There are 2 protein chains.
Amino acid sequence: MALNKSAVVDTALGLLHEAGLPGMSMRTLATRLNVQPSALYWHFPSKQALLTAVAERVLADVAPVEARASAADELRGVSRAMRIAVAGVPDGAEIVALGLAAGAVNPVAEAVGRTCARHGGGERAAGLTTALTAYVLGVTVEEQTHHNLAAVDPAMSRVDYDSRFDEGLEAMLAGMAG
Amino acid sequence: MALNKSAVVDTALGLLHEAGLPGMSMRTLATRLNVQPSALYWHFPSKQALLTAVAERVLADVAPVEARASAADELRGVSRAMRIAVAGVPDGAEIVALGLAAGAVNPVAEAVGRTCARHGGGERAAGLTTALTAYVLGVTVEEQTHHNLAAVDPAMSRVDYDSRFDEGLEAMLAGMAG
DNA sequence: ACCTGAACACCGTTCAAGT
DNA sequence: ACCTGAACACCGTTCAAGT
């Protein structure tokens with residue numbers, strides 16, 4: 001049966017979970033799909049386009065956030081939902097950063113928009129979206145880079161990025177939702 | 001005369017300004033230094049170690065922030081100083097993110113520490129440092145990725161990251177310094 | 001101590017040609 | 001429409017050998 005974009009993205013995600021971005025070359029991907037590397041270029045114009053499609057799949061997994069009593073609670077919810085989706089796939093932060101730069105729709109933007117509509121302050125939605133998105137990706141890029149380095153050099157000090165993430169998030173939310 | 005680390009880092013920065021990270025291969029670097037690629041491995045164990053040294057040089061250029069009347073003013077100052085240093089070199093955000101993950105000292109941490117000492121709230125220094133650092137790198141990684149994509153595909157929409165950065169920063173600072 | 005020369009094991013991408 | 005085969009132009013890294 002013929003290949004299609006969605007099957008390629010599926011296999012790419014599988015490869016990412018097994019070996020991260022360095023293990024996901026066009027060649028390993030083609031091998032896994034029982035196809036020549038050049039076949040992939042009929043479905044995607046470049047590896048970067050393929051990665052953007054992967055990013056969109058990851059972003060589609062960001063859980064929607066239910067309405068809550070305070071704006072801060074909702075903003076904390078979106079941020080954590082995005083972090084969970086992005087941190088769940090190896091090198092996911094780098095891939096999603098690429099996808100957003102390429103123009104993928106940011107689910108945080110819509111969620112923040114709804115929160116501002118519910119709790120007022122709609123004129124701050126853009127700034128809040130930028131702040132939360134960049135924060136989540138910034139922390140998670142560093143975490144996954146650190147993870148990759150530690151895999152090669154076991155002497156590296158470990159860092160608890162989950163609590164670091166929460167600590168930084170609370171510092172941000174302290175006044176944001178006012 | 002013999003090569004040394006600092007000359008290699010100088011040349012690497014020059015190459016970055018000319019062609020970004022994709023243009024800075026160990027081979028182009030060696031050619032520019034009139035040396036064989038393998039010669040670089042006497043001075044640095046890997047390209048990643050070299051990039052960490054580049055990151056440290058970039059971070060050393062973060063301008064120190066003078067004392068100001070409010071904590072918010074000082075935090076805005078450090079954030080902007082870091083952004084200027086990092087955005088000043090092509091792909092600088094990605095390189096600095098790698099450097100920090102590898103354990104480079106973060107100048108934001110010291111500056112935030114001094115701000116907290118002056119204006120009180122020392123127990124929040126860690127969260128503030130995480131938030132501001134991840135934010136600056138998150139926005140700037142996206143900006144530089146976007147810039148690289150737009151260079152290849154001129155049809156891409158342009159984004160004003162300077163004002164986006166300021167907008168997000170104000171959203172963060174709104175309550176942080178309270 | 002510092003570097004060369006040559007190789008190893010890879011990459012992304014293109015493109016004529018096949019079916 | 002969808003894919004193969006073969007090539008092009010690169011990578012980072014290693015290591016014996018030179019000086």
Side-chain angles (χ1 to χ4, degrees), chain A residues 1-16 18-55 90-91 94-95 98-99 101-102 145 148-154, chain B residues 1-16 18-55 90-91 94-95 98-99 101-102 145 148-154:
Chain A
M1 190 210 132
L3 223 51
N4 57 63
K5 292 192 189 227
S6 136
V8 174
V9 171
D10 285 347
T11 308
L13 272 167
L15 240 26
L16 282 174
E18 288 171 35
L21 205 42
M24 202 220 81
S25 69
M26 297 301 266
R27 293 170 125 95
T28 57
L29 192 47
T31 301
R32 176 76 49 111
L33 289 161
N34 295 313
V35 109
Q36 296 295 317
S38 49
L40 299 172
Y41 288 84
W42 197 91
H43 299 275
F44 295 94
S46 64
K47 183 177 188 178
Q48 175 225 112
L50 201 173
L51 287 176
T52 298
V54 172
D91 296 313
E94 199 179 322
I95 293 167
L98 173 68
T145 303
N148 291 343
L149 294 177
V152 169
D153 173 14
Chain B
M1 190 211 136
L3 223 51
N4 57 63
K5 293 192 190 228
S6 134
V8 175
V9 171
D10 285 345
T11 307
L13 272 166
L15 240 25
L16 282 174
E18 288 171 34
L21 205 42
M24 200 221 83
S25 69
M26 296 301 267
R27 292 169 126 96
T28 56
L29 193 47
T31 300
R32 177 74 50 109
L33 289 161
N34 294 314
V35 110
Q36 297 295 317
S38 50
L40 299 172
Y41 289 83
W42 197 91
H43 300 275
F44 294 95
S46 64
K47 183 178 188 178
Q48 175 225 112
L50 201 173
L51 287 176
T52 298
V54 172
D91 296 313
E94 199 179 322
I95 293 167
L98 173 68
T145 303
N148 292 343
L149 295 178
V152 169
D153 173 14

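Remember, predicted model here, so these are calculated numbers, not experimental data. Chain identifiers are assigned alphabetically (A, B, ...) following the order of the sequence lines, protein sequences preceding nucleic acid strands; residue numbering begins at 1 within each chain. Below, all heavy atoms of this structure are taken into account, side chains as well, without hydrogens, waters or symmetry copies.
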**Q** Measure CG/B:Leu29 against C1'/C:dC3 and give the value in whole Å, please.
**A**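 Answer to the nearest Å: 15 Å.
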
**Q** Restricting both atoms to N or O, compile the protein contacts to nucleotides 16-19 of chain C shorter than 3.5 Å, with distance only.
**A**
none

**Q** Is there a side-chain contact between A:Leu149 and B:Gln48 in this structure, where contact means two heavy atoms from C-beta onward sitting under 4.5 Å apart?
**A**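 Yes - at least one pair of side-chain heavy atoms lies under 4.5 Å apart.
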
**Q** Write down the atom of B:Ile95, the atom of B:Leu21, and the distance for their closest heavy-atom approach.
**A**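 Looks like CD1-CD1, 4.1 Å.
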
**Q** Side chains of residues 35-47 of chain B: which donor-acceptor pairs under 3.5 Å do they make with residues two or more places apart or in other chains?
**A**
{"unit_1": "B:Ser46", "atom_1": "OG", "unit_2": "B:Ala49", "atom_2": "N", "d": "3.2"}
{"unit_1": "B:Lys47", "atom_1": "NZ", "unit_2": "B:Met24", "atom_2": "O", "d": "3.1"}

**Q** Would you mind reading off the distance between A:Asn34 atom CG and D:dC3 atom P, rounded to a whole angstrom?
**A**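 These atoms are roughly 12 Å apart.
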
**Q** In whole angstroms, how far is the C1' atom of C:dC3 from the CG atom of B:Leu33?
**A**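 Nearest whole value for this atom pair: 13 Å.
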
**Q** Starting from C1' on C:dT13, measure out to CG on A:Leu50 and report it in whole angstrom.
**A**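 Roughly 14 Å, once rounded to whole Å.
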
**Q** Search all heavy atoms of A:Val54 against all heavy atoms of A:Leu16 and return the closest pair with its distance.
**A**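 It is CG1-CD1, 4.1 Å.
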
**Q** If pairs are Watson-Crick or G-U with both distances under 3.5 Å, what is the dot-bracket string of DNA chain D, marking crossing pairs with [ ] and pairs to another strand with |?
**A** ||.|||||...|||||.||

**Q** Counting only side-chain heavy atoms from C-beta out, which of D:dC3, C:dG12, C:dC3 sits nearest to B:Ala2?
**A**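 Nearest nucleotide to the side chain: C:dC3.
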
**Q** Kindly indicate, with the supporting measurements, whether the criterion side-chain contact (heavy atoms from CB on, under 4.5 Å) is fulfilled by A:Leu50 and A:Met26.
**A** CA-CA 10 Å; A:Leu50 201 173; A:Met26 297 301 266; 3.9 Å; yes

**Q** Side chain of B:Val35, heavy atoms from C-beta onward: which of C:dG12, D:dT13, C:dT4 has the nearest atom to it?
**A**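 Among C:dG12, D:dT13, C:dT4, the one nearest the side chain of B:Val35 is C:dT4.
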
**Q** Once each nucleotide of nucleotides 5-10 of chain C is scored for protein heavy atoms under 4.0 Å, what B/S/- sequence comes out, 5' to 3'?
**A** B-B---

**Q** Considering only atom C1', compute the distance from D:dA9 to C:dC10 and round it to an integer number of Å.
**A**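 Straight-line distance between the two C1' atoms is 13 Å.
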
**Q** Return the nearest nucleotide to the side chain of A:Tyr41; candidates are C:dT13, D:dT13, C:dC3.
**A**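 Shortest atom-to-atom distance from the side chain points to C:dT13.
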
**Q** Round to the nearest Å and state the distance from B:Phe44 atom CZ to C:dC2 atom P.
**A**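 Rounded to whole Å, this separation is 13 Å.
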
**Q** Can you tell me if the side-chain N/O atoms of A:His43 get under 4.0 Å from OP1 or OP2 in D:dA1?
**A**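 Checking A:His43 against D:dA1: no side-chain N or O falls below 4.0 Å of OP1 or OP2.
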
**Q** Tell me, please, which residues at least two apart from B:Thr28 pass side-chain hydrogen bond (donor to acceptor under 3.5 Å, both in side chains).
**A**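 Result, side-chain hydrogen bond (donor to acceptor under 3.5 Å, both in side chains) vs B:Thr28: B:Ser25.
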
**Q** Salt bridge (charged side-chain N to carboxylate O under 4.0 Å, His left out) with B:Arg32: which residues, sequence neighbours excluded?
**A**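 By the salt bridge (charged side-chain N to carboxylate O under 4.0 Å, His left out) rule, B:Arg32 matches B:Glu18.
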
**Q** In this structure, how many angstroms lie between the P atom of C:dC3 and the CE atom of B:Met26, rounded?
**A**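 Result: 13 Å.
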
**Q** For A:Ala7 versus A:Asn4, what's the shortest heavy-atom pair and its separation?
**A**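 Answer, listing the atom of A:Ala7 first, then A:Asn4: N-OD1, 2.9 Å.
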
**Q** Measuring from B:Thr11:OG1 to B:Leu33:CG, what's the distance to the nearest 0.5 Å?
**A**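 Taking OG1 in B:Thr11 and CG in B:Leu33, the distance rounds to 4.0 Å.
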
**Q** Hey, are the side chains of A:Asn148 and A:Thr145 touching, using non-hydrogen atoms and a 4.5 Å cut-off?
**A**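 No. Closest side-chain heavy atoms not under 4.5 Å.
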
**Q** Which heavy atom in A:Gly20 sits nearest to a heavy atom in A:Pro90, and how many Å separate them?
**A**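 Heavy atoms of A:Gly20 and A:Pro90 come nearest at CA-CB, 4.1 Å.
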
**Q** On DNA chain D, check which nucleotide each of A:Leu3 and B:Gln48 is closest to and give me the residue with the more 5' one.
**A**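 Taking each residue's closest nucleotide, the earlier one in sequence belongs to A:Leu3.
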
**Q** Nearest heavy-atom pair of A:Leu29 and A:Ala12: which atoms, and what distance?
**A**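 Nearest heavy atoms, A:Leu29 then A:Ala12: CD1-N, 3.6 Å.
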
